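The structure appears below as structure tokens.
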Amino acid sequence: MYVELKNVVKTYDAYPAADHIDLAIEEGRLVALLGPSGSGKTTILRMIAGLEHQDSGDIVIDGRIVNDVPGSQRGIGFVFQNYALFKYMTVYDNIAFGLEIQKRDKQYIQQRVEELLSLTNLEGLGKRYPNQLSGGQRQRVAFARAIAPSPRLLLLDEPFAAIDAKVRKDLRAWLRHTISRLGVTSIFVTHDQEEAIEVADEIVVTNKGRIEQVGTPVEICMNPKTPFVAQFIGRGTIVSNIRAFSGFAHAPVGHAVVQPEFVHVFSCGEASGQKKELLNPGVVQEVSFRGALYELRIAACGETLNAFRSFEAPPLSPGDSVQFYISRAQGMEGEATLPLNNDRFV
Ligand SMILES: Nc1ncnc2c1ncn2[C@@H]1O[C@H](COP(=O)(O)OP(=O)(O)OP(=O)(O)O)[C@@H](O)[C@H]1O
Ligand SMILES: [Mg+2]
């Protein structure tokens with residue numbers, strides 16, 4: 001394991017911002033820390049960076065306990081949320097900053113900065129100042145500055161938070177591609193699940209200073225291990241009695257989260273023959289257009305469910321009667337979850 005946190009605790013005025021954290025990250029992975037505001041993501045990142053000191057527990061980087069190693073000697077590059085570029089320095093000097101501190105010779109620095117300007121698609125902008133750049137360009141300068149000294153570990157705290165939606169999407173793809181090309185172990189913080197799912201090899205879900213689940217994006221979406229994750233991921237709805245729906249009469253628990261991906265909706269008469277015995281009647285309550293699809297709220301069996309529907313299918317409106325079936329759900333029992341499959345599919 002390249003980075004390890006072992007039983008790490010950090011409290012602020014008796015509030016546990018990191019509550020017995022155990023985490024292991026393999027070399028070369030791109031890992032997202034995902035969780036709601038205040039769940040301890042930044043605290044974990046800052047402790048790894050040596051910007052904050054844990055109360056107890058060990059932090060290990062590349063096999064060495066770094067508890068007493070100052071941040072500047074941990075071989076880490078850090079990208080902060082709001083660029084944090086040096087305003088009075090050019091792009092070139094910002095990127096060269098860490099190399100100057102390392103006292104590299106001028107020729108090496110020039111070559112390295114040119115290489116990074118090219119890597120970050122900023123060729124020709126070396127002489128500009130940060131206020132002469134767009135938000136996306138500034139964040140790429142921050143990235144170039146962080147990786148200039150060839151860190152062993154790259155930490156990024158909400159690197160795209162201040163950037164508008166379209167640029168943010170492009171930057172995500174760029175970051176994923178660039179990091180995999182560099183092969184540097186990276187941990188980035190986000191509270192945006194879509195971002196974590198698209199970018200990360202592995203997601204660490206945080207909640208109230210604890211880790212709820214670690215897994216690939218597919219594992220987290222398909223098999224959320226705790227009620228918190230089941231509710232936090234996706235756009236699922238909670239039902240109090242899944243047994244009321246066709247195909248779930250034998251479910252061992254009633255309380256469940258149903259994700260809209262697993263609710264299949266048909267307008268009356270639209271369902272094909274073999275599915276008929278699976279169908280539940282429902283009534284559309286709300287319809288919202290989400291770009292590539294419609295999101296529906298459907299009232300059925302005394303509950304309300306979210307569902308998706310292709311925007312190529314015949315449109316539905318509030319008040320319309322529909323039929324639907326649920327293919328799977330995530331049952332919740334105390335602190336655990338269990339996958340529930342529709343009987344008719346097993
Ligand atoms: N310097 C501090 N002094 C006191 N409490 C702090 C300090 N830093 C963080 N906290 C508290 O620790 C908890 C975790 O904070 P942290 O910044 O790690 O959350 P986060 O998951 O990064 O949230 P966000 O998504 O809002 O950035 C919060 O309740 C916060 O109020
Ligand atoms: Mg934070």
Side-chain angles (χ1 to χ4, degrees), residues 3-25 29-59 61 66-67 70-71 74 76-85 135 138-139 142-143 145-146 153-165 168-169 171-172 175 179 185-200 202-215 217 220 224-235:
V3 180
E4 281 179 273
L5 275 72
K6 295 183 175 172
N7 206 14
V8 167
V9 174
K10 172 79 189 172
T11 50
Y12 293 109
D13 307 325
Y15 179 84
D19 191 1
H20 301 274
I21 296 280
D22 282 304
L23 179 62
I25 293 171
R29 302 288 270 176
L30 171 51
V31 173
L33 296 180
L34 171 70
S37 187
S39 61
K41 307 180 293 295
T42 296
T43 303
I44 293 176
L45 213 62
R46 288 177 62 83
M47 289 190 297
I48 297 172
L51 296 168
E52 207 75 68
H53 203 271
Q54 69 270 27
D55 304 339
S56 61
D58 290 326
I59 296 179
I61 300 177
V66 296
N67 299 349
R74 291 190 188 183
I76 285 171
F78 205 114
V79 180
F80 295 91
Q81 178 171 335
N82 288 317
Y83 326 122
L85 294 177
R138 271 182 238 165
Q139 202 55 329
F143 180 84
R145 188 181 61 181
L153 177 62
L154 183 63
L155 306 176
L156 309 102
D157 193 355
E158 304 251 9
F160 312 127
I163 293 170
D164 66 73
R168 196 174 164 145
K169 245 185 151 40
L171 270 182
R172 269 182 212 168
L175 183 79
I179 286 181
T185 311
S186 304
I187 308 173
F188 80 103
V189 161
T190 181
H191 58 254
D192 178 344
Q193 45 164 298
E194 197 184 299
E195 191 161 287
I197 288 166
E198 267 182 41
V199 175
E202 204 159 48
I203 297 177
V204 177
V205 184
T206 56
N207 178 35
K208 295 184 180 158
R210 290 170 180 256
I211 291 177
E212 293 270 338
Q213 186 172 357
V214 180
I220 301 264
K225 292 270 187 246
T226 68
F228 173 82
V229 179
Q231 291 164 75
F232 184 68
I233 293 289
R235 303 187 58 80

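It should be emphasised that the depicted structure is a prediction, and the values quoted were computed from it without experimental measurement. Counting from 1, the numbers follow the sequence of the chain as shown. Counting starts at 1 for both ligands and their atoms, in listed order.
- Taking the side-chain contact (heavy atoms from CB on, under 4.5 Å) definition, one finds that Ser39 meets it with Pro36, Lys41, Thr206, sequence neighbours left out.
- Between Arg74 and Ile48, the closest heavy-atom pair is NH1-O, 3.0 Å.
- For the side-chain contact (heavy atoms from CB on, under 4.5 Å) test with Leu45, the passing option among Ile187, Leu51, Leu156, Ile76 is Ile187; the others fail.
- Between Gln139 and Val79, the closest side-chain pair of non-hydrogen atoms falls below 4.5 Å.
- At least one side-chain heavy atom of Ile179 sits less than 4.5 Å from a side-chain heavy atom of Ser186.
- At least one side-chain heavy atom of Asn7 sits under 4.5 Å from a side-chain heavy atom of Asp22.
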Q) Step by step, would you call Asp58 with Asn67 a side-chain contact (heavy atoms from CB on, under 4.5 Å)? A) CA-CA 6 Å; Asp58 290 326; Asn67 299 349; 2.7 Å; yes
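- Protein residues with a heavy atom closer than 4.0 Å to ligand 1 are Tyr12, Tyr15, Ala17, Pro36, Ser37, Gly38, Ser39, Gly40, Lys41, Thr42, Thr43, Glu158, listed by chain and number.
- Shown here are the side-chain contact (heavy atoms from CB on, under 4.5 Å) partners of Arg168, two or more places apart in sequence or in another chain: Phe160, Ile163, Arg172, Asp192, Glu195.
- Residues Ala196 and Thr190 share a closest heavy-atom pair of CB-CG2, 3.9 Å.
- Near-neighbour remark for the Mg ion (ligand 2): protein N, O or S atoms under 2.8 Å are Thr42 OG1; waters not counted.
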